[in-house]
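Heads up, the thing below is written out as structure tokens.
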Amino acid sequence: MKKNKLLFWIFLALTLAVDIFIIVNAFLNGEKSAAESNNFAQTTADVINAVKPETITPQNFDSFAFSIRKLVGHFGIFVVSGIFGTCTFSFLFCGLKSYLKTIVSSSSLTHGLFVAFCSEIIQKFVSGRSGNFTDVLIDFSGYLLGFLLTFVVLLLVLRKKQKQNQA
């Protein structure tokens, strides 16, 4: 039981860290946000071009940077949020085995949707940014993937423990 409590606090800290990162980045003005995204995209392009030269060219860099922004900046960070959020709620409600699936699912998914909406609503009021419903869908899709991956792993661990207890 102490191990579960410790894991809850660890995952809560990780979840809050990722959520704070998301919200802080939502407050960046358009110029700063674009500069950070372009720096990350340029670094990624440099790595790709080191492996396969001339893959990312000046002609296709803008569309590549846009894809990286959506894939990493929205979808990717929310996959991480989904993993940590699902673990947090799983360890919070770990004593309620019969209700685990429903409580963890609804709590975790509500959390993910809330953070996605908040980050996009904030952007509506920041200079040079615009909150988009499409980005909420991308964010939540990432969260949902993190949730599903984590939930499957947690179910497998729970089943393994049940089998060990029966033997």
Side-chain angles (χ1 to χ4, degrees), residues 1-28 32-33 36-37 39-41 43-44 47 64-126 129-167:
M1 195 59 144
K2 285 182 182 183
K3 181 181 175 186
N4 287 342
K5 200 172 205 176
L6 176 63
L7 287 171
F8 164 73
W9 287 109
I10 290 169
F11 282 112
L12 178 61
L14 292 169
T15 300
L16 290 173
V18 172
D19 289 351
I20 289 168
F21 177 82
I22 290 167
I23 298 302
V24 165
N25 278 284
F27 278 106
L28 293 178
K32 267 190 172 177
S33 177
E36 284 190 14
S37 293
N39 286 340
F40 185 79
T43 302
T44 306
V47 169
F64 173 75
F66 178 81
S67 298
I68 288 294
R69 180 178 214 153
K70 298 302 178 184
L71 186 62
V72 176
H74 286 272
F75 189 82
I77 195 67
F78 273 87
V79 170
V80 174
S81 180
I83 291 168
F84 292 156
T86 304
C87 287
T88 299
F89 286 105
S90 294
F91 288 109
L92 177 64
F93 299 118
C94 67
L96 306 173
K97 291 181 184 171
S98 61
Y99 299 104
L100 180 67
K101 293 177 198 172
T102 306
I103 293 172
V104 170
S105 300
S106 60
S107 299
S108 184
L109 294 175
T110 300
H111 168 258
L113 194 56
F114 178 75
V115 174
F117 267 112
C118 285
S119 69
E120 294 304 317
I121 288 170
I122 289 167
Q123 291 178 45
K124 285 258 188 220
F125 302 100
V126 175
R129 302 286 297 267
S130 61
N132 298 314
F133 184 71
T134 305
D135 287 347
V136 172
L137 294 177
I138 294 168
D139 296 347
F140 189 67
S141 295
Y143 193 94
L144 189 59
L145 177 61
F147 167 84
L148 291 172
L149 292 172
T150 306
F151 202 71
V152 167
V153 169
L154 290 172
L155 284 177
L156 292 173
V157 168
L158 185 63
R159 286 208 173 128
K160 184 178 177 182
K161 282 185 179 181
Q162 287 174 342
K163 285 183 181 179
Q164 287 174 346
N165 290 341
Q166 290 174 351

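Note that the structure is a prediction, hence the values are computed from the model and not measured.
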Would you sort out whether Asn25 and Ser33 count as a side-chain contact (heavy atoms from CB on, under 4.5 Å), showing the intermediate values? CA-CA 7 Å; Asn25 278 284; Ser33 177; over 6 Å; no
Give the table of side-chain donor-acceptor pairs shorter than 3.5 Å for residues 79-86, with sequence neighbours excluded, one pair per line with atom names and distance.
{"from": "Ser81", "atom 1": "OG", "to": "Asp19", "atom 2": "OD1", "distance (Å)": "3.4"}
{"from": "Thr86", "atom 1": "OG1", "to": "Gly82", "atom 2": "O", "distance (Å)": "2.7"}
{"from": "Thr86", "atom 1": "OG1", "to": "Ser108", "atom 2": "OG", "distance (Å)": "3.0"}

Taking atom CG of Leu16 and atom CG of Leu12, what is their separation to the nearest 0.5 Å? 4.5 Å
Taking the side chain from Thr110 and the backbone from Ser107, do they hold a donor-acceptor pair closer than 3.5 Å? no
Rounded to the nearest 0.5 Å, what separates atom CZ in Phe78 from atom CG in Leu113? 9.5 Å
Hey, could you give me the SG/CZ distance between Cys87 and Phe11, rounded to the nearest 0.5 Å? 4.0 Å
Mind checking the CG-CG spacing from Asp139 to Leu144? Nearest 0.5 Å is all I need. 12.5 Å
Hey, could you give me the CD1/OG1 distance between Ile138 and Thr134, rounded to the nearest 0.5 Å? 6.5 Å
Working to the nearest 0.5 angstrom, can you tell me the gap between Phe147 CZ and Phe89 CZ? 11.0 Å
Val136 vs Asn132 side-chain heavy atoms within contact, under 4.5 Å: no
Residues Ile22, Ile77; criterion side-chain contact (heavy atoms from CB on, under 4.5 Å); working and verdict: CA-CA 8 Å; Ile22 290 167; Ile77 195 67; 4.0 Å; yes
Main-chain N/O of Phe27 paired to Arg129 side chain as donor or acceptor, under 3.5 Å: no
Between Thr88 and His111, is there a side-chain heavy-atom distance shorter than 4.5 Å? no
Show your reasoning for whether side-chain contact (heavy atoms from CB on, under 4.5 Å) applies to Glu120 and His74. CA-CA 10 Å; Glu120 294 304 317; His74 286 272; 3.3 Å; yes
Would you say NZ of Lys32 has more than 12 non-hydrogen atoms from neighbouring residues, nucleotides or ligands within 6.0 angstrom? no
Taking Lys124 for its side chain and Gly131 for its backbone only, find out whether a donor-acceptor pair lies under 3.5 Å. yes
Considering all heavy atoms, the nearest Ala26-Gln123 contact: O-CG, 3.6 Å
Applying ring-ring contact (aromatic ring centres under 6.0 Å, His included), name anything that partners Phe75, two or more places apart in sequence or on another chain. none
Evaluate whether atom CZ of Phe40 has more than 12 neighbouring non-hydrogen atoms of other residues, nucleotides or ligands under 6.0 angstrom away. no
Answer whether the closest heavy-atom distance between the side chains of Phe8 and Asn4 falls below 4.5 Å. no
